[in-house]
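Bear in mind that the values here come from a model prediction, so they are computed numbers and not experimental data. Labels below follow one simple rule: chain letters A, B, ... track the order of the sequence lines, proteins then strands, and each chain is numbered from 1.
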2 protein chains.
Amino acid sequence: MSQPAITLANRVCADIVQDIVTGVIPQGSKLNEPELARVHGISRGPLREAMSRLEAMRLIRRIPNVGASVVNLSYEELLEIYQIREALEGLAARLAAQHMSSQETMALRQLLNQHQQHIVQTEGQSYFQQEGDVDFHYRIVQGSNNQRLINILGGELYHLVRMYRYQFSLSSNRPEQALQEHNKICAAIEEGDAELAEWLMRRHISNARRNIKQRMQADVTPAIDN
Amino acid sequence: MSQPAITLANRVCADIVQDIVTGVIPQGSKLNEPELARVHGISRGPLREAMSRLEAMRLIRRIPNVGASVVNLSYEELLEIYQIREALEGLAARLAAQHMSSQETMALRQLLNQHQQHIVQTEGQSYFQQEGDVDFHYRIVQGSNNQRLINILGGELYHLVRMYRYQFSLSSNRPEQALQEHNKICAAIEEGDAELAEWLMRRHISNARRNIKQRMQADVTPAIDN
DNA sequence: TCTTATATTATTGTCGACAATAGACCAAAG
DNA sequence: CTTTGGTCTATTGTCGACAATAATATAAGA
């Protein structure tokens, strides 16, 4: 059994994604190909391939004969992303309610219980710092059983949301309420109530979006609720 | 005034997209890099860059150390795409109703009038063969004013839908009805009724999806209605 | 001093060659 | 005859060098 044949471009791409998301490579900064290649110990060939993927993820922008720069995050674009998430994750919740197995729903419920404990332990300080598998939204998307939906949400949108969380220090200012919303969504999925699951998820993300908008207008670091 | 600096990878990418969409390069066929490069008169470097973009568009699949193949279209994936389109184009219609200028709505109305004439002339034979700018859905997406939505629908989903139209010979079996639905959506946008525009668009695409599903189960070439 | 044209330099785009991997082919053993 | 093992070839991954473009610096003219 061979492992998934990791290529240089693959590895370096993942590394750079991490650096961009966490701000090691700052927003708007220009990417110098020879230097980046040297730093990662590869040649420009695979590096350019990695950069193509970064471009597909919308983490960098390329201009022919000029170069590539890390995207500049703005609240306007964040709101755009949340509009799309509302539509797509609503769909994902509906499909998850139809397709998720009892095993998967049990694991989801267990995840929320862990979140509950975490809130109690930290007294509501740091909910929603998790990523990847442990993320509530991520699991629901995975449970949608729509591969293309998984690709869109897990590919180009997921890393951008991560990037906003890191660099704008987005964290929930109402963890208990957010967790309650998660619980309701989970319950709807457990009961197989697709319509309700979609509606709850849409409202959940819409709430987060309004929250961001308000704080944006107040010129304060906004909170994120999911 | 210099033109947008077209690069070799850019040009060849567009060429290959066209070949894949129209079936010149058949589904599932493997892409041989040296041969493709020779055919297009470039080296493997820019070719691989072009292939990265094709992969981002989901027109080809790549396996490390094995190679790239054109995707195999299936009705299941087509239905997946329509689920996503229902959600995203519904959103696009809502936003278009909020943001499109009177100039844009007038152009949209004019487009539908042209379609009407075309149906009369061809006696309903060949509506919905247009592409790009002349496409009703395309314009609404453009009018959404959400750049990321435009990228998703216009990037990875648009070409796939084109591909299905070509290769499955998808064309409407009810052009008049589809045009009526387009007219209603256009009217809602003209009136700025965002909720209605979204609802109509979702129903429109949902109808098309049901149509495909029925014909799929009947094991007949399905029709497409948008 | 400001503007404009020119030259220089740094960076990207492109190419051909080499290395590494996977699949095909063939042979030998059971 | 089937299966297993190895070899061989075709294809992909990677690299370094060259060409072309854009940004910068410089110098000349108004």
Distance (rounded to the nearest 0.5 Å) between B/Phe168 CZ and B/Arg215 CZ: 14.5 Å
Contact letters for nucleotides 5-20 of chain C, in which S counts primed atoms plus P, OP1 and OP2 and B counts the base, heavy atoms under 4.0 Å: ------SBBBB-B---
Ion pair A/Arg58/A/Glu77, N-O distance below 4.0 Å: no
Nearest-0.5 Å distance that lies between atom CZ in A/Arg109 and atom CD in A/Gln114: 13.0 Å
salt_bridge(A/Glu86, A/Arg209) N-O dist < 4.0 Å: no
Close N/O contacts between protein and nucleotides 5-7 of chain D (under 3.5 Å):
none

Heavy-atom neighbours of B/Arg61 CZ exceed 12 at 6.0 Å: no
A/Gln142 side, atom CD; A/His99 side, atom NE2 - distance, nearest 0.5 Å: 14.0 Å
Donor-acceptor pair between A/Asn151 and A/Arg148 side chains, under 3.5 angstrom: no
